[in-house]
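One-based numbering, in listed order, for ligands and for the atoms of each. Positions are given from 1 along the sequence.
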Amino acid sequence: MNPLRCDQTPAWAALQALFEAFGRNFDLRKAFAEDSRRFESFSQDAPHVFADLSKNLVDDATQALLLELARQCTLEQHRDAMFAGDKINSTEQRAVLHWLLRNPALAPADISQPAAINVANELAAVHITLNAMLAYAQAVRADDAITDVVNIGIGGSDLGPQMAVLALDEFVLPCKRFHFVSNVDGHELAGVLKGLKPQSTLFLIASKTFTTTETMTNAHSARRWFEAQGGQDIARHFAALTTNVAAANAFGITTTFGFWDWVGGRYSLWSAIGLSIAVAIGAAGFREFLAGAHAMDQHFRTAELAQNLPVRLGLLDVWYRNFHGFGSRSIAPYSNALRRLPAYLQQLEMESNGKRVDMSGKALPFETAPVLWGEPGTNGQHAYFQMLHQGTSVVPVEFVAVKRAAHSPHELPGHHGKLLANALAQAQALMRGKEDAAGHKDFPGNRPSTFLLLEQLTPASLGALIALQEHRVFVSGAIWGINSFDQWGVELGKVLARDIEPRLASGNTDGLDASTAGLLARLRQRDLDA
Ligand code: F6P
């Protein structure tokens with residue numbers, strides 16, 4: 001299967017022509033005035049998530065051409081190749097099977113014909129590990145002597161678990177505290193350790209590779225602290241979550257939960273990396289989380305493209321990035337519990353699709369991943385929404401709101417209505433704008449947004465929301481023809497840091513550029529950490 005590059009397809013040319021003729025001047029206000037059913041036709045129900053897409057700069061003709069673009073770029077075949085276990089992560093020669101982590105154990109019908117990898121065998125291994133990990137999580141939950149769980153990991157080994165534990169706060173076991181340490185800046189770990197006792201602490205060392213500098217440095221420091229404070233039983237107080245069990249054992253950790261190279265770091269919260277989530281919400285809650293994501297997987301696999309929410313979102317992303325030229329997308333979760341969602345999505349989108357070459361390494365002549373950014377609503381309104389409403393750049397906004405306040409609502413009346421009213425009002429204001437002769441009070445309006453609505457924030461709906469985001473990133477990556485599953489761009493800095501670190505101690509600047517050498521000399525004028 002060798003599809004045409006997206007910008008060489010007839011659909012791309014037709015979209016370009018449509019954009020020049022009408023798309024550039026598309027007016028949302030007019031579109032709503034002319035079509036009383038616009039909300040219905042541009043909204044989409046998917047498992048656990050309702051999406052209002054009607055405030056986006058698209059009409060039926062654009063949507064039809066975007067779907068045609070998907071077909072001409074063989075999106076469906078690429079999706080099916082992922083679900084068949086093909087090694088679509090070609091630069092690392094790996095299959096992409098994070099979805100298998102949420103596949104029920106006894107659902108062989110869900111599994112496409114094995115291709116490069118025997119998916120059914122992998123599924124059996126997934127469930128053996130899942131059962132072991134959940135049994136361990138339950139034991140930790142029942143262990144009153146453990147009051148603090150510290151997840152040490154970075155990137156996908158931190159952002160997913162941290163985001164999910166915060167998001168599911170009301171389902172979290174109240175008698176334990178959960179901490180997440182990622183930064184190699186010792187202030188972070190030291191700040192957490194200050195409040196801990198070794199006999200009541202469980203450290204989860206989360207690292208796919210078990211080689212990441214930040215995580216290894218923090219893990220060594222945590223163990224030194226543990227031993228210095230009289231802690232003795234490493235097997236009880238340290239567990240490793242990794243594909244590199246041998247390295248964890250060499251570190252001295254015997255309690256290990258493994259996973260597989262076909263799980264990308266930013267897709268790993270469904271694996272053993274999610275152990276902190278499982279301890280926090282329990283085995284049943286974790287299974288619901290997986291089930292919610294699985295429901296979205298099924299939707300992505302089986303729903304027609306025109307009614308497929310990840311497909312519709314991914315195609316809008318392409319429309320905005322490549323035709324409108326919008327360089328960023330703002331995430332606005334109107335839920336304080338989802339406050340780490342923007343950070344999580346940054347890694348998901350930008351580490352997956354922040355690429356400038358195609359699968360074979362050839363440079364691409366068009367833009368790929370937008371910059372993702374955001375803060376929870378309503379806080380963002382009082383910071384950067386000024387720019388969203390009146391700035392010179394158009395930034396599509398993705399609102400995420402939760403209909404029912406909480407499973408066990410907080411005791412503060414009136415808040416949730418205000419929160420939802422603000423989300424609706426901001427989306428409305430972005431679209432409507434407001435004419436005013438005084439330029440500084442004029443709002444251009446016609447600024448696009450998507451509104452994602454969850455009935456309630458539960459393990460299942462969070463799982464579905466995350467899987468939705470994973471698949472929409474897959475869709476735009478597939479259209480662009482890039483490998484969304486490698487991350488070579490993070491390697492160079494790691495290598496250079498390894499070269500620079502000893503130079504900070506020795507002062508050797510041989511071969512360094514003048515700027516790095518100058519900064520290094522300046523830094524050496526001060527005391528450095530040992
Ligand atoms: O450097 C980037 C990265 O490899 C991410 O892709 C990954 O999530 C993170 O580092 C952490 O990696 P690991 O889980 O192997 O420690």
Checklist outcome for this item: When distances are taken from atom 11 (C) of ligand 1, the protein heavy atom at minimum range is Ile154 O, 3.2 Å
Checklist entry - Does ligand 1 have a heavy atom under 4.0 Å from the side chain of Thr209, from its backbone, from both, or from neither? => result both
Checklist entry - Could you state the interatomic distance from CG (Leu75) to CG (Leu315), rounded to the nearest 0.5 Å? => result 7.0 Å
Item to check | Polar contact flag, side-chain donor to acceptor under 3.5 angstrom, Asn483-Asn89 | outcome: yes
Checklist entry - Which residue holds the protein heavy atom closest to atom 8 (O) of ligand 1, what is that atom called, and what is the gap in Å? => result Gly156 N, 2.7 Å
Checklist entry - Is Lys197 paired with Asp148 through a side-chain N to carboxylate O contact shorter than 4.0 Å? => result no
Item to check | Aromatic Trp480 / basic Arg356 pairing, under 6.0 angstrom, 45° off normal | outcome: no
Checklist entry - Relative to the ring of Tyr267, is the ring of Phe485 parallel (under 30°), tilted (30 to 60°) or perpendicular (over 60°)? => result tilted
Next on the checklist: Salt bridge or not between Arg236 and Asp143? Use side-chain N to carboxylate O under 4.0 Å.
Outcome noted: yes
Next on the checklist: If the cut-off is 4.0 Å to any non-hydrogen atom of Gly155, which atoms of ligand 1 fall inside it?
Outcome noted: 8 (O)
Next on the checklist: I'd like to check which ligand 1 atoms, numbered from 1 as shown, lie under 4.0 Å from a non-hydrogen atom of Thr212.
Outcome noted: 12 (O), 13 (P), 15 (O), 16 (O)
Next on the checklist: Looking only at protein heavy atoms, which one is nearest to atom 3 (C) of ligand 1, and what is the separation?
Outcome noted: Glu351 OE2, 4.1 Å
Checklist entry - Is any N or O atom of Gln347, backbone or side chain, closer than 3.5 Å to an N or O atom of ligand 1? => result yes
Item to check | Arg102 bridged to Asp297 by N-O distance under 4.0 Å | outcome: yes
Item to check | Test item, Lys494 contacting ligand 1 (heavy atom, 4.0 angstrom) | outcome: yes
Item to check | Residue-ligand contact Glu214/ligand 1, heavy atom below 4.0 Å | outcome: no
